[in-house]
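First, the structure itself, so that you have it in front of you.
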Amino acid sequence: MDRRYRLKKSSDFQRVRNTGKTYTHPLFVLIYVPNTTMQTHIGVAAGRSIGNAVQRNRAKRRLRACIQPWLKQLIPGVDIILIARKPLLTASYDHLAKALAKALQINHILTDEEYAS
RNA sequence: CAGGUCGGUCGGGCGAUUGCGGUUCUGUGAACACAGGACUGAGGAAAGUCCGCACUCCAAAGAGCAUGGCGCCGGGUAACGCCCGGGGUGGGGUAACCUGCCGGAAAGGGCCACAGAAACAAUACGCUGUACUAACUUUUUUAGUGCAGUAAGGGUGAAAAGGUGGUGUAAGAGACCACCGGCAUCUACAGUAAUGUGGAUAGCCAGGUAACCCCCGUCAGGAGCAAGGCUAAACAGGGACAAGUGCGUAAGCAGGGAAGUUGCUCGCUUCCUGAUAAUUCCGAGUUCCGGGUAAGCCGCGUGAGGUGCGUGAAAAUCGUGCCCAGAGAGAGAUGAUCGCCCAGACAAAUGACAAGGAAACCGGGGAUGUUUCCGCCUCGUUUGUUGGACAGAAUGCGGCUUAUAGACCGACCUGGCCG
RNA sequence: GCCCCAGUAGCUCAAUGGACAGAGCAGUAGCCUUCUAAGCUAUUGGUUGUGGGUUCGAAUCCCGCCUGGGGCG
């Protein structure tokens, strides 16, 4: 995932978490809110409860790898935060990819839903 | 062959598809962005942040005190609380080997609960002598009080004042004697030294604790890359606080005041040292408070760097040759999905070796030998299943500590068998 | 990343190196009350975060880990 499309500032994270809509799944938490810049930003986070530094990094990498194929089909102008949860470390890739795709469809963030389905 | 000890090395490999960070090249295009290519991208502990340095800022990094660390000896180093070698003194192991401790308790202070007579000293449980009193009364003995002597005795305790035996005495005591042990001073030899082995002298006054204070020696100025420097933007043009004197025309000097020196003092550095009749106003600063910005660049990787050879008892210690192209993020890159292989583990089949067991034979009998069958363990081959731990750079190094599936190499020890 | 601090009963806190580590609240049982609350009495509950060391003796002193918390530009 290119660095341009990432959510960076701490204040941005605070804004999205305070004003955004939340969708909870056993593997992750998805928070999103529309912005005014027509540019998509995605932030990935993993808390201390996930484990040590290796496990936190792995969780974030897997989430980035899963969101990668959907980048071009997202509605422009949305800020998204993905927060990893503990079972994500042991889940298979297929399981995680399907769960994430379903989450994106339900929340109507994709531009072309027929292609996505 | 089995079990173990010590030291060292490695800590999965190759490929495909698709992504990310860094450097660089090419093309398009106005800055600057986009597209494509090439090279490259975590560790032995990157961890804990426990020590030591480099580096940066505090004017320079000065003195004394305080505070803190360290503490047998020698060597190494930029330095260390680290490493190597040696010494003393305990503990564990059959052994190889592992492991605790290390200046001073005769400079001084404190503490040593309970128990005990007493915890370093005497208002003495006891023992002995003696005077007096009382009981009984033939002597004796017993009890109490006073005086004097005593650390031998029992028992207490973690610990009881050199030990054993004797002389001696009213009872006792290194008071004296013999042997043994420890300490101090002087001294000879060996060793760079710690120290070791001897000799002489007088003495036993000298319990433990310094991870209690302390004394001696030695080291340390403080803060930390969010250090610090530059650029841009933004807010504000704020509030608090002292001295306010003398000489001099003035500059300045002296005195005074504020701040800094990340504890204190000295020293040093910076700044201030005015008005008014009066209330009062003014009043510096690298000070304090309050407010604002959290964007970019540098610091930032050639370094106490790797590696071969030599030197050395050893310490990647020193000397020397060669190679340096190869991580530098900033919500923080090195990933995701597969395929093949390789250590290793388990199961099955099969082969080799074979502790041993059974039967038969040779032989008068035994030791022993020969043949056949069964065969723990170990190793090899094939097939199947499974299968790689601890863990992620964030200024950089030297150590320490802690976590870690396993694999390999070398040296040594113990036991069994064979020659 | 760098630098600090703390850990004692279920909770909040005490304890000069010295006997079985205390106090309040909470819990349990009893008394009181028609019943409950309040009150009174008794009682339960601790590897002093953990592993070593110093000491005759450690919650306390020293060292290593674990867990939790705080600060900075």
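Naming convention: chains lettered A, B, ... in sequence-line order (proteins, then strands); numbering from 1 in each chain. Please read all numbers here as calculations on a predicted model, not as lab measurements. We use all heavy atoms of the structure for the numbers below, so side chains are in, but hydrogens, waters and symmetry mates are not.
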* Asked: Atom CZ of R62(A) and atom P of rG335(B): how far apart are they, to the nearest Å?
  ->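 The answer, rounded to whole Å, is 13 Å.
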
Problem set entry | Residues forming a ring-ring contact (aromatic ring centres under 6.0 Å, His included) with H95(A), sequence neighbours excluded |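 Result, ring-ring contact (aromatic ring centres under 6.0 Å, His included) vs H95(A): none returned.
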
| Taking only residues two or more places apart in sequence, or in another chain, which ones meet R56(A) in a side chain to side chain contact (heavy atoms under 4.5 Å, CB included)? |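 Checked R56(A) against side chain to side chain contact (heavy atoms under 4.5 Å, CB included); matches are A46(A), R48(A), I50(A), A53(A).
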
rU395(B) versus rA329(B) - spacing of their C1' atoms, nearest Å
14 Å

Exercise for review: Scan every strand shown for a Watson-Crick or G-U wobble partner of rA345(B), both distances under 3.5 Å, and answer none if you come up empty.
Suggested key: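 Check on rA345(B): paired to rU385(B), both distances under 3.5 Å.
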
Discussion item. Please give the distance between the C1' atoms of rA206(B) and rG162(B) as a whole number of Å.
Written reply: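 11 Å, rounded to whole Å.
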
Query raised in the report: Using the P atom in both, what is the distance from rG12(B) to rG43(B), to the nearest Å?
Result: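 After rounding to an integer number of Å, I get 10 Å for this pair.
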
query: Just how far, in rounded Å, is P of rG335(B) from OH of Y93(A)?
result: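 That distance rounds to 15 Å.
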
To the nearest angstrom, the CG-P distance between D94(A) and rU337(B) comes to 9 Å

Task: Minimal non-hydrogen separation, L27(A) against A91(A), with atom names - done: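 So the minimum-distance heavy-atom pair works out to CD2-CB, 3.8 Å.
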
| Is I42(A) linked to I75(A) within one hydrophobic cluster, defined over Ile, Leu, Val, Met, Phe, Trp and Tyr using a side-chain heavy-atom separation of less than 4.5 Å? | yes

Rounded distance in Å between the P positions of rG73(C) and rG224(B):
11 Å

message: Give me the distance, rounded to whole Å, that separates rG21(B) from rC338(B) when you measure between the P atoms they each carry.
response: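 Straight-line distance between the two P atoms is 25 Å.
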
Given the 90°-from-0 boundary between syn and anti, rA403(B) should be labelled anti

Re rC189(B): Watson-Crick or G-U wobble partner, both distances kept under 3.5 Å, found to be rG196(B)

The Watson-Crick or G-U wobble partner of rA336(B), with both key distances under 3.5 Å, is rU17(B)

Applying side chain to side chain contact (heavy atoms under 4.5 Å, CB included) to A103(A) and not counting sequence neighbours gives Y23(A), F28(A), L30(A)

Pull out every protein N or O sitting under 3.5 Å from an N or O of nucleotides 404-406 of chain B, one pair per line with the distance.
none

Enumerate the protein-to-nucleotides 388-395 of chain B contacts in which both atoms are nitrogen or oxygen and the separation is below 3.5 Å.
unit_1, atom_1, unit_2, atom_2, d
rG392(B), OP2, V54(A), N, 3.4

**Request:** Would you indicate whether the side-chain heavy atoms of L96(A) and R62(A) approach each other to under 4.5 Å?
**Result:** yes

| said: For the P atoms, the ones on rG274(B) and on rA232(B), what distance do you get once it is rounded to whole angstrom? | reply: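 My reading of the P atoms in rG274(B) and rA232(B) gives 39 Å.
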
Sorted by chain and residue number, the side-chain hydrogen bond (donor to acceptor under 3.5 Å, both in side chains) partners of N57(A) (sequence neighbours excluded) come out as none

Symbol by symbol from the 5' end, with Watson-Crick or G-U pairs under 3.5 Å, [ ] crossing and | another strand, RNA chain C is (((((((..((((....[...)))).(((((.......))))).....(((((..]....)))))))))))).

Looking at side-chain heavy atoms only, is the closest gap between I67(A) and V44(A) below 4.5 Å?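 When only atoms from C-beta onward are counted, V44(A) and I67(A) do not touch, as no gap falls below 4.5 Å.
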
Q.
Within 90° of 0 counts as syn, otherwise anti: where does rC205(B) fall?
A.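 The base of rC205(B) is oriented syn (glycosidic angle within 90° of 0).
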
Partner of rC318(B) under the Watson-Crick or G-U wobble criteria, both distances under 3.5 Å, comes out as rG310(B)

Hey, are the side chains of R17(A) and I83(A) touching, using non-hydrogen atoms and a 4.5 Å cut-off?
-> yes

Under a 3.5 Å limit on both distances, the Watson-Crick or wobble mate of rG162(B) is rC180(B)

chi for rA117(B) classified (syn = within 90 degrees of 0, anti otherwise) as anti

Check: protein-nucleotides 327-331 of chain B nitrogen or oxygen pairs below 3.5 Å:
unit_1, atom_1, unit_2, atom_2, d
rA329(B), O3', R3(A), NH1, 2.9
rG330(B), OP1, R3(A), NH1, 2.1
rA331(B), O2', L7(A), O, 2.7
rA331(B), N7, K8(A), O, 3.4
rA331(B), N6, S10(A), OG, 3.0

Applying the 3.5 Å cut-off to both distances, the Watson-Crick or G-U partner of rU395(B) turns out to be rA54(B)

message = Taking only the P atom of each, what is the distance from rU28(C) to rG10(C) in whole angstrom?
response =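 To the nearest whole Å, 16 Å.
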
By the Watson-Crick or G-U definition, both distances under 3.5 Å, rU414(B) is matched with rA2(B)

R56(A) atom CZ is separated from rA47(B) atom P, nearest whole Å, by 13 Å

Item checked: Pairing nucleotide - rA38(B), Watson-Crick or G-U, each distance under 3.5 Å ->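 Base-paired to rU23(B).
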
Check your understanding: Got a sec, which residues hit side chain to side chain contact (heavy atoms under 4.5 Å, CB included) with P69(A), two or more places apart in sequence or on another chain?
Key ->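 P69(A) satisfies side chain to side chain contact (heavy atoms under 4.5 Å, CB included) with no other residue.
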
The ring-ring contact (aromatic ring centres under 6.0 Å, His included) partners of Y32(A) (sequence neighbours excluded) come to none

Checklist entry - What integer number of Å spans the C1' atoms of rC70(B) and rC51(B)? => result 12 Å

Under 4.5 Å between side-chain heavy atoms, counting indirect links through other Ile/Leu/Val/Met/Phe/Trp/Tyr residues: same cluster for L63(A) and Y93(A) or not?
no

| message | Among residues at least two apart in sequence or on other chains, which ones pass side chain to side chain contact (heavy atoms under 4.5 Å, CB included) with V33(A)? | response |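 Scan of V33(A) (side chain to side chain contact (heavy atoms under 4.5 Å, CB included), adjacent residues dropped) gives R15(A), V16(A), T19(A), D79(A).
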
